[in-house]
Amino acid sequence: RDENHNTYNINLEVTLKSAKMDKAEVISKANLRYMYWSMKQQLVHHSITGCNMSTGDLLGSGTISGTDVGTYGSMLELSWNGKKPMKLSNGEERTFLEDGDEVRLQGFCQGEGFRVGFGEAAGKILPAST
């Protein structure tokens, strides 16, 4: 663990909109600064085994979760592996994503007098094709 918290202060937000909802709602808010391993440590771990990084390589962080329910980073964590349904504002419950659900991930940094956004990643769960 990086005890010096040498990482970035990036706010992360996940919203969910079911097919029955008019408006998406926030289901999770987390921050990259709470990662157990910093990106620097992850890079060292990756490369120390002889797997060099090259220009253009991507290194993913994995799931980013906090310690409170509202900061968990996946539906698996939010629903305790499907054992504890998450209640949505319209009364629906979710243990896992369902057909028609729309999920949006957003990230941004913010300081005194400025905000830098990283755009969003969004998708809609479609029924399996037969």
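Model, not experiment: these values are computed from the prediction. Computed from heavy atoms alone, side chains included, the values below leave out hydrogens, waters and symmetry copies.
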Report the C-alpha separation of E25 and N90 in whole Å, then their side-chain angles, then the decisive distance to 0.1 Å, and conclude whether the side-chain contact (heavy atoms from CB on, under 4.5 Å) test is met. CA-CA 10 Å; E25 66 181 73; N90 68 349; 5.6 Å; no
Would a single hydrophobic cluster contain both V14 and F118, if residues Ile, Leu, Val, Met, Phe, Trp and Tyr are joined by side-chain heavy-atom contacts under 4.5 Å? no
Minimal non-hydrogen separation, K124 against G100, with atom names: CE-O, 3.9 Å
Do S54 side-chain atoms and D57 backbone N/O form a donor-acceptor pair below 3.5 Å? no
Which heavy-atom pair separates K29 from V26 by the least distance, and what is that distance? CG-CG1, 3.8 Å
Quick check: do L105 and L12 have side-chain heavy atoms less than 4.5 Å from each other? no
Please determine whether residues W80 and I27 belong to a single hydrophobic cluster, defined as Ile, Leu, Val, Met, Phe, Trp and Tyr linked transitively by side-chain heavy-atom distances below 4.5 Å. yes
Could you pull out the closest heavy-atom pair between L16 and D101, with the gap in Å? CD1-CB, 3.7 Å
Is there a path of hydrophobic side-chain contacts, each under 4.5 Å between heavy atoms of I, L, V, M, F, W or Y residues, that connects V69 with L97? yes
Minimum heavy-atom separation for S61 and Q42, please, with both atom names. CA-OE1, 3.7 Å
Quick one: which residue pairs count as a side-chain hydrogen bond (donor to acceptor under 3.5 Å, both in side chains) with a foot in residues 107-116, not counting sequence neighbours? none
Tell me, yes or no, whether the heavy-atom count around L59 atom CG, taken from other residues, nucleotides or ligands under 6.0 Å, exceeds 12. yes
At what distance, to the nearest 0.5 angstrom, does CD of Q41 lie from OH of Y36? 9.0 Å
Pairwise side-chain contact, L76 with F96, heavy-atom cut-off 4.5 Å (strictly under): yes
Side chain of S28, backbone of Y72: donor and acceptor closer than 3.5 Å? yes
Heavy-atom count check: over 12 atoms from other residues, nucleotides or ligands less than 6.0 Å from H46 NE2? yes
Exam field: side chain N31 to backbone R33, donor-acceptor pair closer than 3.5 Å: yes
OG1-NZ distance between T95 and K83, expressed to the nearest 0.5 angstrom: 12.0 Å
Closest non-hydrogen atom pair, T71 against A30: O-CB, 3.8 Å
Less than 4.5 Å apart, any side-chain heavy atom of S18 and any of R94? yes
E102 vs M21, side-chain contact (heavy atoms from CB on, under 4.5 Å): CA-CA, chis, key distance, verdict: CA-CA 10 Å; E102 296 178 35; M21 297 170 76; over 6 Å; no
Would you say L78 and V103 are hydrophobically clustered, going by side-chain heavy atoms of ILVMFWY under 4.5 Å? yes
With no hydrogens and no angle check, is any side-chain donor or acceptor of S65 less than 3.5 Å from a backbone partner on G73? yes
Of all heavy-atom pairs between E98 and E93, which one has the smallest distance, and what is that distance? OE2-O, 4.2 Å
Applying the 4.5 Å side-chain criterion to the ILVMFWY set and letting contacts propagate, would V44 and W37 be lumped into a single cluster? no
Output for pair (F108 CZ, N9 CG), nearest 0.5 Å, gives 9.0 Å
